[in-house]
2 protein chains.
Amino acid sequence: MVVRELSDETVDRLFHALADTTRRDILRRCVRGELSVSRLAEAYPMSFAAVQKHVAVLERAGLVTKQRSGREQLVRTDPDAVGRARQALDELESAWRGRVDRMARLLAEDPGTEENDTTEGPE
Amino acid sequence: MVVRELSDETVDRLFHALADTTRRDILRRCVRGELSVSRLAEAYPMSFAAVQKHVAVLERAGLVTKQRSGREQLVRTDPDAVGRARQALDELESAWRGRVDRMARLLAEDPGTEENDTTEGPE
DNA sequence: CTCACGTACAACCATTTGGTTGTACGTTAT
DNA sequence: ATAACGTACAACCAAATGGTTGTACGTGAG
């Protein structure tokens, strides 16, 4: 498993897609069996086009995939999606604890250099 | 540990706050020692007021707390914050697998009521 | 005391977002 | 063949976002 580092834009789109109740609900629905967009749309108090847009946002964020089946477009949430969201959180949390710093430093410097942290952020 | 369920609005604000590169960077910076807002502002190619607004967003999301110290306002990221973000993700992921539904139903209803799922979304 | 600093907040602006309706087009059912 | 269905997409709109500048005010330093 390579787990490539997530770009800022990727994380932006990921979290933005998750920052909406309707979209999170769509995700939940489309795990147990894919649903056509119109079927989905029936579930919400908004137009078909609105739901279509929500799905598009989820798709751009890589949280769902669409697959054509006849005249329907079936939406399914990507199983790895949560994984990536979690990874984004992990990357943040690791900065939290300075773990990444320490590890990087431990790998880079001599053992025994237990300095206090002064990790430079992006200037 | 009580771990109260997160409201939709809470999760909305949480993910929305995280869906911005600058704000995520602020979070990273304000873990190792709190920083004054103006100190923070120096780090970004935008006005003081803009950074102030970003901090406000983080604060409303509960990701950061401010504490007055003299004429400065010190920003510190809440250690429990990531925890709540992770919880939000967990609540989603558990729906992923249908675990929460089943558990909730098992706990709430009579044993043996094995209905088919028709999980009602926000109407 | 006075002034610079750090903050708060309002007003304003451009862009994005989340929603609408309407139209067009391919596919399935009758 | 024709009608109904599911989708795609454009145009439009109101509200929220992310940024700006300007002003006011408390606090700390000289």
Side-chain angles (χ1 to χ4, degrees), chain A residues 8-30 33-77 122, chain B residues 7-27 29-30 33-77 121-123:
Chain A
D8 280 344
E9 289 217 338
T10 302
V11 179
D12 283 2
R13 273 177 301 196
L14 235 181
F15 282 135
H16 170 252
L18 290 172
D20 182 284
T21 306
T22 302
R23 285 195 291 263
R24 288 194 302 276
D25 195 71
I26 291 179
L27 285 180
R28 288 191 212 97
R29 283 173 187 268
C30 293
E34 52 248 307
L35 293 176
S36 72
V37 181
S38 43
R39 231 333 132 246
L40 262 176
E42 292 169 7
Y44 304 100
M46 65 186 76
S47 69
F48 170 81
V51 173
Q52 222 179 2
K53 286 190 186 180
H54 279 304
V55 171
V57 170
L58 290 167
E59 199 179 13
R60 268 185 281 121
L63 286 160
V64 302
T65 57
K66 287 194 298 187
Q67 190 194 351
R68 173 142 247 124
S69 164
R71 65 182 169 188
E72 296 186 330
Q73 193 85 255
L74 301 185
V75 181
R76 167 165 31 194
T77 90
Chain B
S7 80
D8 280 346
E9 288 219 338
T10 301
V11 179
D12 283 2
R13 272 177 302 197
L14 235 182
F15 282 135
H16 170 252
L18 290 172
D20 181 285
T21 305
T22 302
R23 286 195 289 263
R24 288 194 302 276
D25 194 70
I26 292 179
L27 285 180
R29 284 172 187 267
C30 293
E34 52 249 307
L35 292 175
S36 71
V37 181
S38 43
R39 202 47 104 71
L40 263 177
E42 293 169 7
Y44 303 100
M46 64 186 75
S47 70
F48 170 80
V51 174
Q52 220 178 2
K53 285 191 186 179
H54 280 303
V55 171
V57 170
L58 290 168
E59 199 179 13
R60 268 185 280 122
L63 285 161
V64 123
T65 57
K66 287 194 297 185
Q67 189 196 351
R68 175 142 246 123
S69 164
R71 63 182 169 186
E72 296 186 331
Q73 193 86 255
L74 300 185
V75 180
R76 167 164 31 195
T77 91
E123 183 64 53

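Note that the structure is predicted; figures quoted are calculated from it, not measured. Just so we're on the same page: letters track the sequence lines, and every chain starts at 1.
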How many Å lie between CZ on A:Arg39 and P on D:dT7, as a whole number?
10 Å
Below 3.5 Å between N/O atoms, which protein atoms pair up with nucleotides 25-29 of chain C? Just atom names and distances, please.
residue : atom : partner : partner atom : Å
C:dT27  : O2   : A:Arg71 : NH1          : 3.4

Give the rounded distance in Å between these two atoms: NZ of B:Lys53 and C1' of C:dA14.
12 Å
Could you state the atom-to-atom distance from CD1 of A:Ile26 to C1' of C:dG18 in whole Å?
12 Å
Can you check the B:Phe48 CZ to C:dA8 C1' distance for me, whole Å?
8 Å
For B:Ser47 and D:dT20, is the shortest distance between a side-chain N/O and OP1 or OP2 below 4.0 Å?
yes
So with a 6.0 Å cut-off around CZ of B:Arg13, is the heavy-atom count from everything else above 12?
yes
Phosphate OP1/OP2 of C:dT7 contacted by B:Ser38 side-chain N/O (<4.0 Å):
yes
Would you please confirm or rule out a distance under 4.0 Å between OP1 or OP2 of D:dG19 and any side-chain N or O of B:His54?
yes
Would you tell me if any nitrogen or oxygen in the side chain of A:Gln73 comes within less than 4.0 Å of OP1 or OP2 on D:dG6?
no
Atom-to-atom span, CD of B:Glu72 to C1' of C:dA8 - whole angstrom
15 Å
Is there a side-chain contact between A:Thr77 and A:Leu58 (heavy atoms, below 4.5 Å)?
no
Look at the side-chain N and O atoms of A:Lys66 and state whether any lies under 4.0 Å from the OP1 or OP2 oxygen of D:dA8.
yes
Among C:dG19, D:dC9, C:dG18, find the nucleotide with the atom closest to the side chain of A:Arg23.
C:dG18
Starting at atom CD of A:Gln52, determine the distance to atom P of D:dT7, rounded to an integer number of angstrom.
8 Å
Atom-pair distance (CD on A:Glu34; P on D:dT7), nearest Å:
13 Å
Could you list, one pair per line, each protein nitrogen or oxygen that sits under 3.5 Å from a nitrogen or oxygen of nucleotides 23-25 of chain D, together with the distance?
none

What is the distance from CG of A:Leu35 to C1' of D:dG6, rounded to the nearest Å?
14 Å
